[in-house]
Amino acid sequence: DVQLQASGGGSVQAGGSLRLSCTVSGFTFDEYPVHWFRQAPGKEREAVACVNGHDGEIKYADSVKGRFKISDEPSEKTVYLQMNNLALEDTAVYYCAAEWARNYCSDSGEIGDYYWGVGTQVTVSS
């Protein structure tokens with residue numbers, strides 16, 4: 001069974017940093033791209049970042065470029081999302097997901113195209 005578990009969320013002041021972890025089982029990183037999505041209250045789910053272990057592809061949403069960094073550590077079966085210079089608008093529940101439907105990072109966000117993990121809350125305050 002494919003499983004993903006996100007952790008590392010919390011509360012931080014604007015300008016601070018957090019590192020999210022996504023620990024996976026049931027697949028390897030060269031099989032499925034792994035994404036971070038987020039969803040804020042009253043807003044649609046947003047693709048944040050993706051790493052494709054098959055070919056090294058990495059993608060970021062424009063809103064996080066230069067502030068967030070995604071990386072995978074196959075030996076740890078973990079994908080990290082380092083988030084720096086956090087802003088109020090980064091407040092959301094963050095989910096990691098494995099895109100089984102494609103072998104590249106798409107931003108479709110279609111629920112059925114991914115294996116989803118339980119989210120972790122990130123709250124940024126002023």
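Sequence positions, counted from 1, serve as the residue numbers for this chain.
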Say you draw a straight line from [atom1] of [X] to [atom2] of [Y]; how long is it, rounded to the nearest 0.5 Å?
| X | Y | atom1 | atom2 | value |
| --- | --- | --- | --- | --- |
| Q5 | T23 | CD | OG1 | 7.5 Å |
| S126 | Q13 | OG | CD | 8.0 Å |
| R19 | M83 | CZ | CE | 11.5 Å |

Q. With a 3.5 Å cut-off and no angle check, do the side chains of S63 and E46 form a donor-acceptor pair?
A. yes
Minimal non-hydrogen separation, [X] against [Y], with atom names:
| X | Y | value |
| --- | --- | --- |
| R102 | S108 | NH1-OG, 3.6 Å |
| A49 | L81 | CB-CD1, 4.1 Å |
| L86 | R67 | CA-NH1, 3.9 Å |
| L88 | S125 | CD2-C, 3.6 Å |
| Q121 | V93 | OE1-CG2, 3.2 Å |
| D90 | R38 | OD1-NH1, 2.8 Å |

State yes or no: do [X] and [Y] share one hydrophobic cluster built from I, L, V, M, F, W and Y residues joined by side-chain heavy-atom distances below 4.5 Å, directly or via other members?
| X | Y | answer |
| --- | --- | --- |
| L18 | Y95 | no |
| V79 | Y115 | yes |
| L20 | I58 | yes |
| Y80 | F27 | no |

Q.
As a quick check of understanding, evaluate side chain to side chain contact (heavy atoms under 4.5 Å, CB included) for Y104 and D55, giving each step before the final call.
A. CA-CA 9 Å; Y104 61 91; D55 61 6; 5.7 Å; no
Q: For residues F37 and Y114, establish whether the separation of their ring centroids is below 6.0 Å.
A: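 Ring centroids of F37 and Y114 are less than 6.0 Å from each other.
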Note, [X] side chain near [Y] side chain (heavy atom, < 4.5 Å):
| X | Y | answer |
| --- | --- | --- |
| I111 | R45 | yes |
| V2 | V24 | no |
| Q82 | S71 | no |

Q: Using side-chain contact (heavy atoms from CB on, under 4.5 Å) as the criterion, point out the one residue from K59, E99, E57 that pairs with N52.
A: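 Of the listed residues K59, E99, E57, the side-chain contact (heavy atoms from CB on, under 4.5 Å) partner of N52 is E57.
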Q: Just say parallel, tilted or perpendicular for the rings of F68 and Y94, cut-offs at 30° and 60°.
A: tilted
Q) Do other residues, nucleotides or ligands put more than 12 heavy atoms under 6.0 Å from K69 NZ? A) no
Q. With no hydrogens and no angle check, is any side-chain donor or acceptor of W116 less than 3.5 Å from a backbone partner on L4?
A.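 Checked: no pair found.
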Q: Would you check if the side chain of Y60 reaches a backbone N or O of I70 as a donor-acceptor pair within less than 3.5 Å?
A: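 Side chain of Y60 to backbone of I70, a donor-acceptor pair under 3.5 Å: yes, one is there.
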